[in-house]
Amino acid sequence: MGFYRIIEIGQLQFDWALIMAMIERWRPETHTFHLLIGEATITLEDVEALFGLPVDGMLVAYPFALSDYTGENYLYMLQRLTGFQLAEPTALSGASRLQLLPVRQHLVALHTEITDDSSPEDIDWQTRLLLMMMFGGILFSNTSGNLVSLRFLHHLERLYELPGYNWGRAVLAYLYRQLCRSSMDTVRDVDGFIQLLQVIT
């Protein structure tokens, strides 16, 4: 599906002092780091070479058809595509963001290994839940560290299409946005695909 390198790398030990120093040198107007040796930035080639994320293909975009979706619509879509039903509707933040903790607890409670005897439906359900964990916890993380957008369910409906999306562009654009936000004086937190920033520095 195009995410193997991210799984292979696993968890990185972040050097937060270095990351914060880089954020202080980020210039939102040029999307570059201003360093003593000159300007530098993170490119699509970096994303593709370091993490294997595709930078060509279909846009990772929010379809207009979902613009009127309510929290109830998203929860129905979540159950239909993953078999997971929330015990507490309070796990929703707004209409379209889900706390990751209940998903993590659900996956632990399942404790089901995928085998040759596993049904295709079970495999697809668990795959989608694990991908939601990856989106919310790694690729498109937020400062809470515990929320994922249910809008990604649209992209997970047809798993075979996942490699056809340009995830590298979406991840880099989101990281640029978060770097711009974090570089402002009033904001002290940082989120996005920090693994990319750590590896680059």
Co-membership, hydrophobic cluster, residues [X] and [Y], 4.5 Å side-chain:
X	Y	result
V108	L130	no
W16	M22	yes
Y62	L131	yes
I194	V199	yes
L162	Y4	no

Enclosure of [X] [atom1] (heavy-atom neighbours >12, cutoff 6.0 Å):
X	atom1	value
E72	CD	no
R80	CZ	yes
Y76	OH	no

side-chain hydrogen bond (donor to acceptor under 3.5 Å, both in side chains) partners of residues 122-135, not counting sequence neighbours, each pair once
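Pairs touching residues 122-135 that pass the test: S119-D122.
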
Can you measure from [atom1] ([X]) to [atom2] ([Y]) and round to the nearest 0.5 angstrom?
X	Y	atom1	atom2	value
L150	L81	CG	CG	10.5 Å
Y74	Y69	OH	OH	8.0 Å
Q79	L86	CD	CG	9.5 Å
E29	C180	CD	SG	8.5 Å
L59	Y165	CG	OH	9.5 Å
L156	M132	CG	CE	6.5 Å

Could you report the tightest heavy-atom contact between [X] and [Y], atom names first, then the distance?
X	Y	answer
R151	S96	NE-OG, 3.7 Å
V60	A170	CB-CB, 3.8 Å
G57	N166	O-ND2, 3.6 Å
I6	M134	CG2-SD, 4.5 Å

Within the 4.5 Å heavy-atom criterion, are [X] and [Y] side-chain neighbours or not?
X	Y	value
M77	N73	no
R181	D191	yes
L179	F33	yes
H106	T82	no
Q99	L147	yes

Side chain to side chain contact (heavy atoms under 4.5 Å, CB included) for V103 and V148? Distances and angles first, verdict last.
CA-CA 10 Å; V103 177; V148 63; 5.8 Å; no

S141 side chain to G192 main-chain N or O, any donor-acceptor pair under 3.5 Å?
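Side chain of S141 to backbone of G192, a donor-acceptor pair under 3.5 Å: yes, one is there.
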
Sub-3.5 Å donor-acceptor pair from the side chain of Q198 to the main-chain atoms of D15, do we have one?
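Checked: pair present.
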
Under the rule for ring-ring contact (aromatic ring centres under 6.0 Å, His included), what residues qualify as partners of F3, not counting sequence neighbours?
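Scan of F3 (ring-ring contact (aromatic ring centres under 6.0 Å, His included), adjacent residues dropped) gives F135, W167.
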
Side chain to side chain contact (heavy atoms under 4.5 Å, CB included) between Q85 and L75, worked out
CA-CA 7 Å; Q85 185 171 11; L75 289 178; over 6 Å; no

Show every donor-acceptor pair shorter than 3.5 Å between a side-chain atom in residues 38-54 and any protein atom, with sequence neighbours excluded, or say none if there are none.
from : atom 1 : to   : atom 2 : distance (Å)
E39  : OE2    : H34  : NE2    : 3.4
T41  : OG1    : H31  : O      : 2.7
T41  : OG1    : Y176 : OH     : 3.0
T43  : OG1    : E45  : N      : 3.4
T43  : OG1    : E45  : OE1    : 3.4
T43  : OG1    : D46  : N      : 3.2
T43  : OG1    : D46  : OD2    : 3.1
D46  : OD2    : T43  : N      : 2.9

